[in-house]
Amino acid sequence: MNTLEAVGDLRLTGLTKRFGSFTAVDDLDLTIPQGSFFALLGASGCGKTTTLRMVSGLEDPTAGRIYIGDTEVTSTKPYKRPVNTVFQNYALFPHLNIYDNVAFGLRRRGVKDVKKQVDDILALVELAHLAKRKPTQLSGGQQQRVAVARALINQPQVLLLDEPLGALDLKLRRQMQIELKRIQTEVGLTFVHVTHDQEEAMTMADTIAVMSAGRIEQLGSPEELYENPATTFVANFLGQSNLVAGTVTGKEDGVITVDTHGVRIALPESRSRVESGAVIVGVRPEKVELAAGNAAIESGRNALPGGVVTDASFIGVSTQYLVKMPWGQELSVFEQNTGKEIYRPGAEVTLHWDATQTFGLDGSQDIEAGAEIDDEAAK
Amino acid sequence: MTKTFDWIKAHTLGFVAILIFVFLIAPNAVMLLFSFNQPANKYNFVWHKFSLNAWKNPCASADMCSSIKLSITIAIITMILATALGTMVAFAMMRYRFQGRTFLNVLLFLPMAAPEVTMGITLMTFFYNTTGSNSLGFDTIIIAHVMFSLSYVVVTVKARLAGMDPTLENAAADLYATPFQTFRRVTLPLVMPGILAAALLSFALSIDDYIITVLTAGNEVTFPMYVYSSFQHSVPAQIDVIGSTMLLITLAGITFAQVPQIIKTRKA
Ligand SMILES: Nc1ncnc2c1ncn2[C@@H]1O[C@H](COP(=O)(O)OP(=O)(O)OP(=O)(O)O)[C@@H](O)[C@H]1O
Ligand SMILES: [Mg+2]
């Protein structure tokens with residue numbers, strides 16, 4: 001069977017890659033439905049590029065299999081796979097002009113009349129006027145768009161994008177995001193999009209896989225991952241979280257009660273990963289509100305009293321607070337600008353939020369996992 | 001005071017550049033000048049009077065012109081063989097891990113590092129003991145020239161290959177190019193400047209080699225050998241004519257090679 005015509009879901013089973021004794025990709029099991037937009041999100045060095053290289057055939061897996069539909073392509077040569085890549089470093093051919101770079105794939109497959117297709121795709125990425133230039137005469141962002149066009153023009157079953165928008169400024173980035181998403185929906189290709197940028201992953205992808213140290217930490221829709229992170233890594237890496245360690249003290253009517261630093265917190269059972277013992281309770285900063293001093297909090301809401309504001313930054317639509325808790329931990333709160341009082345540093349406050357917005361994680365994990373990496377990526 | 005100092009500072013680089021340029025160009029200028037000389041005696045060392053004789057009659061000595069023909073033939077064959085072999089060696093060394101790769105690396109530097117006389121004697125001894133003393137001649141010169149040019153070719157092509165981004169070949173494979181198409185469409189065009197430089201280098205090394213050639217030439221006489229031996233009884237102005245012609249051809253070649261570049265930059 002001609003592997004170039006394989007159609008269907010992209011399936012990875014037990015995919016592993018070791019470089020010497022170092023495991024870059026660790027026993028990956030993944031099904032990416034045909035026609036879906038899949039984002040692979042993770043910190044630098046976690047194995048994203050290596051995974052893509054195995055799918056495109058440029059790297060031989062140490063173990064595991066790769067399927068496109070029912071066709072196994074694990075050891076198929078890269079030029080016989082219906083897969084194209086937008087490389088992280090663009091990898092444009094320096095001796096060919098933009099037009100010939102973009103036409104390269106079509107010509108290798110023996111397509112005779114490439115002009116119309118090349119012109120169309122160059123117009124799409126707004127580079128028609130630069131067709132005769134060499135890659136070195138283009139800006140970083142323009143080169144990136146050529147790389148996207150060069151892969152996209154082949155309309156492969158699976159398009160692998162290795163941080164394809166990294167070098168673009170915010171405006172162009174948004175524009176390309178919309179464009180890529182539109183093309184993907186229109187042509188129904190499977191996109192596997194690697195990115196550092198969680199916002200990009202969330203706005204574009206149907207499914208996100210958060211990867212860490214060669215493994216998938218969690219896989220799901222953007223909402224699922226954001227609302228119900230499975231690990232502290234995901235909770236910290238995807239957006240920000242307030243995570244507080246505690247112990248389960250009881251369970252009643254689908255609500256788990258947790259003791260954290262002497263305070264009783266209610267946690268919906270459906271949103272908790274553990275039902276007894278050590279637990280980490282979490283809540284997203286934008287769901288938390290502040291009340292002055294030890295004001296009484298209505299029932300149905302969780303409250304953490306005794307906080308002292310250490311930093312308040314007013315940024316127009318919201319105010320971002322850092323609040324130091326009696327046990328020394330600093331929690332963050334994003335309060336929307338609804339005309340409420342702004343608390344100054346030094347003010348005593350109680351944090352409170354809708355109890356159903358609380359999530360619970362396995363208490364044996366590192367509470368800071370993924371947090372530092374995210375800060376770095378944000379810079 | 002500071003003004004003069006500033007002026008000196010600003011112009012030192014230009015001044016040094018001019019000095020170096022003069023230093024490089026002077027011998028060639030003298031050669032060109034003396035090709036128009038009509039020497040008073042057999043030695044074209046002292047300016048006597050302007051004449052076009054040597055240029056009108058470059059082959060006054062038949063031996064000289066046959067020696068030039070021989071030198072050019074040898075240089076062309078050497079260039080083709082050394083470039084083809086050296087390019088293959090360079091690819092093998094860059095692309096494959098094999099036993100003795102490091103050793104081969106050292107071996108390749110040997111002809112560059114070893115004194116030429118030693119190499120010449122060694123080669124002569126080698127030919128005496130293998131193909132016999134009668135075998136010295138055209139073939140042995142070629143073998144010797146290919147041998148010492150090879151290292152330079154390998155080093156030049158290897159440097160070019162090492163500077164090539166390996167993901168370019170990945171990208172070609174990803175875009176449906178078979179290994180052969182990848183080589184033809186991507187690798188070869190990118191390495192070509194290195195291969196051309198290596199070819200020029202091996203031609204230049206071969207055409208002016210004296211020491212090794214003399215020791216492996218048997219009865220053959222190449223141009224450098226002719227010049228050196230003629231020195232015993234005469235130095236005709238024709239030698240300067242040949243030298244000048246080579247210089248002009250080289251200059252024309254370099255200029256010509258840059259024309260497409262210049263046109264392109266103009267257009268862009
Ligand atoms: N050829 C190789 N030999 C040895 N180690 C390698 C090789 N390629 C990658 N690695 C290692 O494997 C790990 C994963 O690399 P990979 O390139 O997949 O990371 P990544 O997730 O794409 O990172 P980034 O976001 O920085 O691009 C890294 O620790 C890297 O050092
Ligand atoms: Mg990468």
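Since the model is a prediction, treat every value here as computed from it, not as a measurement. Here is the naming used below: chain letters follow the sequence lines, and residue numbers restart at 1 for every chain. Atoms considered below: every heavy atom in the structure, side chains included; atoms not considered: hydrogens, waters and symmetry mates.
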(request) Inspect the contact between A:Arg107 and A:Asp100 and indicate whether a charged nitrogen and a carboxylate oxygen are less than 4.0 angstrom apart. (result) yes

Side-chain ([X]) to main-chain ([Y]) donor-acceptor, under 3.5 angstrom:
{"X": "B:His145", "Y": "B:Ser202", "value": "no"}
{"X": "B:Ser206", "Y": "B:Phe203", "value": "no"}
{"X": "A:Lys48", "Y": "A:Leu40", "value": "no"}

List the atom of [X], the atom of [Y], and the distance in Å for their closest heavy-atom pair.
{"X": "A:Ser36", "Y": "A:Pro33", "value": "OG-O, 2.8 Å"}
{"X": "B:Asp209", "Y": "B:Thr213", "value": "OD2-OG1, 2.7 Å"}
{"X": "A:Phe38", "Y": "A:Ala209", "value": "CZ-CB, 3.5 Å"}

(message) Within this structure, what is the CG-CE distance for the pair A:Leu41 and A:Met211, rounded to the nearest 0.5 Å?
(response) 11.0 Å

(message) Distance check, rounded to the nearest 0.5 Å: A:Leu161 atom CG versus A:Met176 atom CE?
(response) 9.0 Å

Identify which part of [X] has an atom lying under 4.5 Å from any heavy atom of chain B, answering side chain, backbone, both or neither.
{"X": "A:Arg81", "answer": "backbone"}
{"X": "A:Phe87", "answer": "side chain"}
{"X": "A:Leu96", "answer": "neither"}

(request) Side chain from CB out, backbone as N, CA, C, O: work out which of these in B:Leu190 comes under 4.5 Å of a heavy atom of chain A, or both, or neither. (result) side chain

(request) Applying side-chain contact (heavy atoms from CB on, under 4.5 Å), name anything that partners B:Met246, two or more places apart in sequence or on another chain. (result) B:Ile207

(request) Using a cut-off of under 4.5 Å on heavy-atom pairs, state which of B:Asp165, B:Thr178, B:Thr182 scores highest against chain A. (result) B:Thr178

(request) Pick whichever of B:Leu175, B:Thr167, B:Val186 has the most heavy-atom pairs under 4.5 Å with chain A. (result) B:Leu175

When the side chains of residues 69-79 of chain B are checked against the rest of the protein, which donor-acceptor pairs come out under 3.5 Å, sequence neighbours left out?
from, atom 1, to, atom 2, distance (Å)
B:Ser71, OG, B:Phe223, N, 2.9
B:Thr73, OG1, B:Lys69, O, 2.6
B:Thr78, OG1, B:Ile74, O, 2.7

(request) Using a heavy-atom cutoff of under 4.5 Å, enumerate the residues of residues 109-126 of chain A that contact chain B, numbered in order, or state 'none'. (result) A:Arg109

(message) For residues 10-20 of chain A, give me every residue with a non-hydrogen atom less than 4.5 Å from any non-hydrogen atom of chain B.
(response) none

(message) Under the criterion salt bridge (charged side-chain N to carboxylate O under 4.0 Å, His left out), I'd like the reasoning laid out for B:Glu169 against B:Arg95: C-alpha separation, chi angles, the key distance, then a yes or no.
(response) CA-CA 12 Å; B:Glu169 286 173 335; B:Arg95 293 299 154 81; 3.2 Å; yes

